[in-house]
Amino acid sequence: MKQSYRRDSIIKTIFFIHLLILVSGINSSAQAQSDARFQLQNIDSRQSDNLDGLWSIIVDPLENGYYNHRWLPKEDGYFKNKKMETPSDLIEYDFDTDELLMVPGDWNTQAEKLYYYEGTMWYKTEFEFTPSEEEREEYLHFGAINYEALIYLNGEKVGEHIGGYTSFSLNVTDFLNEGNNVLILKVDNKRKREGVPTINTDWWNYGGITRSVHLVSTPKKHIYDYFIQLDAEQKDLMSGWVLMKNSERGDQVQLEIPELEVQTMVEVNEDGLGAFSFSANPDVWSPTNPKLYEVLLKTDKEVISDEIGFRTIETQGSKILLNGEAIFLKGISIHEEAPFKTGRVTSIEEVRVLLKWAKELGCNFVRLAHYPHSELMVREAEKLGLMVWSEIPVYWTVLFEHEETYQNAENQLKEMIARDKNRAGVVLWSIANETPLSEPRLTFLRKLAAIARSLDQTRLITAALDTQTRRAGENIIDDPLGEYVDVIGVNSYCGWYGGTPRSCKNLKWGSEYDKPVIFSEFGGGALQGLHGEDNERWTEEYQSAVYRNNIEMLKNIEFLAGTSPWILMDFRSHRRHLKRIQADFNRKGLISEQGVKKESFYIMQEYYNSIEY
Ligand code: GCU
């Protein structure tokens with residue numbers, strides 16, 4: 001008994017030192033809020049008002065609501081929501097007589113005239129607020145806004161955010177009125193060369209408040225964030241940390257996992273941080289047993305309840321081990337495109353349709369491309385036993401030598417990890433997709449990989465690469481980035497962007513790394529319902545020939561640890577013009593956007609069903 005106690009206390013000390021390194025430089029809990037490594041965790045478990053619904057909008061392509069005619073920021077822009085007070089007042093905007101848009105949702109698919117719109121959209125909503133007896137903190141929480149947002153409450157700027165796919169919260173306690181409150185956002189989805197992603201992508205630039213908005217209320221002294229994980233090396237040790245706000249040194253949080261009869265007290269330091277580690281022997285999460293435990297974090301003022309799974313993920317040579325067992329990742333890539341109505345996914349029903357199709361395909365894994373999907377999607381995938389590859393949109397040719405671009409990418413990486421760090425289903429953080437070889441690119445991505453590792457040792461780091469070289473009839477995986485990731489993603493379109501479908505079955509692959517490789521993209525396009533010979537581009541027969549021959553190729557790659565063909569469902573893209581066939585849709589889906597499966601769906605399903613777990 002003495003021995004194990006000693007071991008735990010040593011581990012606890014080591015972990016706590018690690019924790020302090022992780023969060024060094026936080027000298028005030030206020031700073032923790034602006035530090036993207038932490039998030040107001042688990043909104044669903046907190047007291048909140050949902051602000052979703054119809055919001056008033058003003059379409060403002062010239063940003064007239066923000067800049068004056070000298071292109072200087074206005075003191076009294078649209079964010080002041082001014083109203084005429086005398087009959088002669090000159091006010092040339094009025095949210096209340098303008099139009100409406102649904103939040104959450106992209107604007108492109110809500111109105112014909114907004115289909116191609118890229119620019120500033122002003123959003124306004126109003127809500128009532130009643131202060132409580134005791135002092136509390138009030139936060140505005142946004143699931144995602146694409147791409148750049150300025151947030152104003154009662155005419156005062158309360159925050160801003162860049163990045164179209166990560167959630168963030170703003171403490172607005174001091175800006176709220178008792179009674180009526182006016183919340184106005186300036187949302188700008190203009191693509192920028194220095195952006196993340198940059199100016200060109202192969203998906204539609206859906207703009208808007210694309211995920212839910214909540215006003216979240218917490219006790220003055222509250223649990224802000226937490227991380228609980230199964231120790232990477234020891235499956236019978238759990239460790240993690242809690243971050244409190246407005247706390248004092250010595251304040252305590254009780255952590256409980258009732259089903260495991262775990263109850264431990266976590267004491268926080270002067271920064272509100274408390275580390276913990278304790279022995280526990282959970283039933284581990286896996287695709288065949290997606291076990292989640294009720295985890296309770298309690299103070300005398302609040303109870304936060306979460307559903308958390310516990311598992312280990314690691315590599316051993318070219319194998320991926322889940323809970324110490326080799327597993328083949330039978331996956332599919334998915335864009336956040338809603339089935340049937342199209343546009344950004346906004347509802348749990350749409351999430352369930354997409355993930356049901358993935359399960360029907362025989363998947364135990366989904367690659368959520370090319371940006372962090374909603375928390376709805378990640379939590380539902382975990383519940384269904386689907387492992388998740390989650391990715392930041394460092395896509396193609398971002399400006400690798402531009403410091404602001406790097407900071408933006410790092411911030412989005414931190415926000416992605418901060419939101420989903422407790423999701424056992426997430427097993428891979430991806431830092432890039434198809435980025436061209438260069439020293440600046442390697443430096444940029446090496447730094448991102450190091451940041452991800454410093455924040456989270458319980459997941460694998462990966463990137464999707466299209467940089468293999470061709471040597472003596474073989475494709476060789478030799479990208480220098482391979483050195484810095486745990487798992488190498490390979491995007492390769494034999495039979496579509498090169499070669500004939502039949503040439504693929506004999507294509508050989510080699511790798512300079514003794515690391516797992518996931519074929520993160522392969523496939524080809526077909527218009528659902530178009531039939532012909534298998535050498536006729538766009539027919540289902542052609543796509544089927546691409547899949548049959550690529551599957552034969554994959555069977556000969558002994559270091560292959562998984563696949564996520566491109567892609568589950570047809571999705572909208574500005575790059576896909578061919579009328580009659582594409583009509584703004586990338587047709588590489590195994591299923592049409594109207595939910596009709598193509599022949600290749602069944603070819604892929606047969607392959608997955610032939611692979612042991
Ligand atoms: C690339 C890219 C995808 C794109 C696909 C295609 O590999 O990663 O985002 O949609 O190819 O060309 O269809």
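Sequence positions, counted from 1, serve as the residue numbers for this chain. Treat the numbers as computed from the prediction; the structure is a model and nothing was measured. For ligands, and for the atoms within them, numbers begin at 1 and follow the listed sequence.
For ligand 1, the atoms closer than 4.0 angstrom to any heavy atom of K588 are 6 (C), 12 (O), 13 (O). Under a 4.0 Å criterion applied to the non-hydrogen atoms of H370, ligand 1 contributes the atoms 3 (C), 8 (O), 9 (O). Residue contact check: R576 has heavy atoms under 4.0 Å from atoms 6 (C), 12 (O), 13 (O) of ligand 1. Atoms of ligand 1 found under 4.0 Å from any heavy atom of Y493 (numbered from 1 in listed order, with element): 5 (C), 7 (O), 11 (O). For ligand 1, the atoms sitting less than 4.0 Å from at least one non-hydrogen atom of F571 are 10 (O), numbered in the order shown with element in parentheses. Counting the atoms of ligand 1 from 1 in the order shown, those under 4.0 Å from a heavy atom of N491 are 7 (O), 8 (O).
When only modelled atom types and interatomic distance are considered, Y147 and R191 share no side-chain donor-acceptor pair under 3.5 Å. Side-chain atoms of T166 and E415 form a donor-acceptor pair, as typed in the model, at a separation below 3.5 Å.
Centroid-to-centroid, the aromatic rings of W107 and Y117 come within less than 6.0 Å. The six-membered or imidazole ring of H335 lies away from that of H373, with a centre-to-centre distance of 6.0 Å or more.
When only non-hydrogen protein atoms are considered, atom 4 (C) of ligand 1 lies nearest to D202 OD2, 3.2 Å. At the shortest separation from atom 2 (C) of ligand 1 among protein heavy atoms lies E521 OE1, 3.4 Å.
Counting heavy atoms only, E434 comes closest to atom 7 (O) of ligand 1 of the residues R575, R587, E434. Selection from W396, Y497, W496 by nearest heavy atom to atom 12 (O) of ligand 1 gives Y497.
Heavy-atom distances between W203 and ligand 1 stay at or above 4.0 Å for every pair.
Under 4.0 angstrom from ligand 1, there are no non-hydrogen atoms of D466. Only the side chain of N586 comes within contact range of ligand 1, with a heavy atom under 4.0 Å; no backbone atom does.
Of the candidates F522, Y607, Y542, W566, Y547 forms a ring-ring contact (aromatic ring centres under 6.0 Å, His included) with just one, namely F522. When the options K515, R453, R459 are evaluated for a salt bridge (Lys or Arg N to Asp or Glu O under 4.0 Å) with D486, the one that passes is R453.
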If you look only at distance, which donor and acceptor atoms sit under 3.5 Å apart when one is on a side chain in residues 393-402 and the other is two or more places apart or in another chain?
| residue | atom | partner | partner atom | Å |
| --- | --- | --- | --- | --- |
| Y395 | OH | D202 | N | 3.3 |
| W396 | NE1 | E434 | OE1 | 2.9 |

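Under a 4.0 Å N-O distance rule, the pair E382/R423 qualifies as a salt bridge.
The stretch residues 474-495 participates, sequence neighbours left out, in these ring-ring contact (aromatic ring centres under 6.0 Å, His included) pairs: Y493-Y497.
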